[in-house]
S.K.: 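Could you have a look at this structure, given as structure tokens, before my questions?
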Amino acid sequence: MFSFKKNYNLFGKITLSIIKPDAVEKGYSISILSKIIDAGFHIIALKMMELSKKSAFIFYEEHKEKYFFDSLIEFMSSGPIISSILKKENAVKDFRILIGDTNPINAKKGTIRNLYATSLEKNAIHGSDSNKNAFKECQFFFPIEKFYYK
Ligand code: CMP
């Protein structure tokens with residue numbers, strides 16, 4: 001398991017990124033990954049996969065009472081995604097600045113969502129919202145013992 005004990009030295013330095021089905025389908029993955037690397041993030045784990053409805057349900061459980069939940073689950077399990085663990089000082093905060101506001105209409109010019117998102121739901125990319133959630137989400141997608149990185 002990706003445990004805090006074994007990876008304590010990464011706390012505060014990692015975040016989970018998901019390039020969502022809309023962006024993968026449109027062929028934006030490499031451009032998005034390039035922007036992430038250019039912004040100084042180190043990719044310490046990465047995989048292309050499809051989320052089952054069950055996994056999407058578990059991952060987004062905190063939103064289960066929201067009106068958009070069913071649609072979100074449908075969308076996130078509709079095609080391939082690319083999930084990755086990104087390492088950098090202040091990873092969570094800096095990554096949220098890089099991706100921009102959840103709603104692309106409000107995303108600052110040049111941010112990933114400003115460039116590649118089409119709607120509030122199909123917003124191209126996910127980034128963890130706190131260091132605690134980053135650990136939880138990284139563990140969800142990459143349940144392995146320990147990461148090797150420089
Ligand atoms: P993210 O912040 O990555 O994770 C939760 C997702 O729910 C969010 O991106 C959007 O894709 C989606 N979402 C949030 N608010 C709404 C909304 N009001 N309507 C539809 N989808 C939403």
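On a predicted model such as this, the values are computed, not experimentally measured, just so you know.
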S.K.: Treating Ile, Leu, Val, Met, Phe, Trp and Tyr as nodes and any side-chain heavy-atom pair under 4.5 angstrom as an edge, say whether Leu98 and Ile44 lie in one connected cluster.
M.R.: no

S.K.: Heavy atoms only: give me the nearest Leu86-Ala91 pair and the separation to one decimal.
M.R.: O-CB, 4.1 Å

S.K.: Can you get from Tyr116 to Ile37 by hopping between Ile, Leu, Val, Met, Phe, Trp and Tyr side chains that sit under 4.5 Å apart?
M.R.: yes

S.K.: Can you check whether Ser84 reaches Phe41 side chain to side chain, under 4.5 Å on heavy atoms?
M.R.: no

S.K.: In the hydrophobic cluster built from side-chain contacts under 4.5 Å, what are the other members alongside Val92?
M.R.: none

S.K.: Could you state the interatomic distance from NZ (Lys35) to CD1 (Ile99), rounded to the nearest 0.5 Å?
M.R.: 12.5 Å

S.K.: So for atom CD, which belongs to Glu89, do other residues, nucleotides or ligands contribute more than 12 heavy atoms lying within a distance under 6.0 Å?
M.R.: no

S.K.: What's in the same ILVMFWY side-chain cluster as Ile30, cut-off under 4.5 Å, chained through other members?
M.R.: none

S.K.: Which heavy atom in Phe95 sits nearest to a heavy atom in Ile125, and how many Å separate them?
M.R.: CZ-CD1, 3.8 Å

S.K.: For Asn90, what residues pass the side chain to side chain contact (heavy atoms under 4.5 Å, CB included) criterion, not counting sequence neighbours?
M.R.: Asp94

S.K.: Minimum heavy-atom separation for Ala107 and Arg113, please, with both atom names.
M.R.: CB-CB, 4.1 Å

S.K.: Please find the pair of heavy atoms, one from Asp22 and one from Thr118, that lie closest to each other, and give the distance.
M.R.: OD2-OG1, 4.2 Å

S.K.: Compile the donor-acceptor pairs under 3.5 Å between side chains in residues 11-20 and protein atoms, sequence neighbours left out, one pair per line.
M.R.:
from: Thr15; atom 1: OG1; to: Ser128; atom 2: OG; distance (Å): 3.4
from: Lys20; atom 1: NZ; to: Asn123; atom 2: OD1; distance (Å): 2.7

S.K.: If you round to the nearest 0.5 Å, how far is CD of Glu62 from NZ of Lys136?
M.R.: 6.5 Å

S.K.: Output side-chain donor-acceptor pairs under 3.5 Å for residues 48-59, partner residues at least two apart or in another chain, one line each.
M.R.:
from: Ser52; atom 1: OG; to: Ser55; atom 2: N; distance (Å): 3.0
from: Ser52; atom 1: OG; to: Ser55; atom 2: OG; distance (Å): 3.1

S.K.: Quick one: does Ile97's side chain get under 4.5 Å of Lys108's, heavy atoms only?
M.R.: no

S.K.: If hydrophobic clusters are built from ILVMFWY residues whose side chains come within less than 4.5 Å, do Tyr60 and Leu120 share one?
M.R.: no

S.K.: Please give me the minimum heavy-atom distance between Phe142 and Ser83, naming the atom from each residue.
M.R.: CZ-O, 3.5 Å

S.K.: Hydrophobic cluster membership, with links at side-chain heavy-atom distances under 4.5 Å among I/L/V/M/F/W/Y: are Leu115 and Ile36 in one?
M.R.: yes

S.K.: Surrounding NZ of Lys132 (heavy atoms of other residues, nucleotides or ligands, distance under 6.0 Å), is the total greater than 12?
M.R.: no

S.K.: Could you pull out every donor-acceptor pair under 3.5 Å between side chains of residues 68-82 and any protein atom, sequence neighbours left out?
M.R.:
from: Ser71; atom 1: OG; to: Glu121; atom 2: OE1; distance (Å): 3.4
from: Ser71; atom 1: OG; to: Glu121; atom 2: OE2; distance (Å): 2.5
from: Ser77; atom 1: OG; to: Ile73; atom 2: O; distance (Å): 2.7
from: Ser77; atom 1: OG; to: Glu74; atom 2: O; distance (Å): 3.4
from: Ser78; atom 1: OG; to: Phe75; atom 2: O; distance (Å): 2.6

S.K.: Please round to the nearest 0.5 Å and tell me the distance separating atom NZ of Lys93 and atom CG of Asp129.
M.R.: 15.0 Å

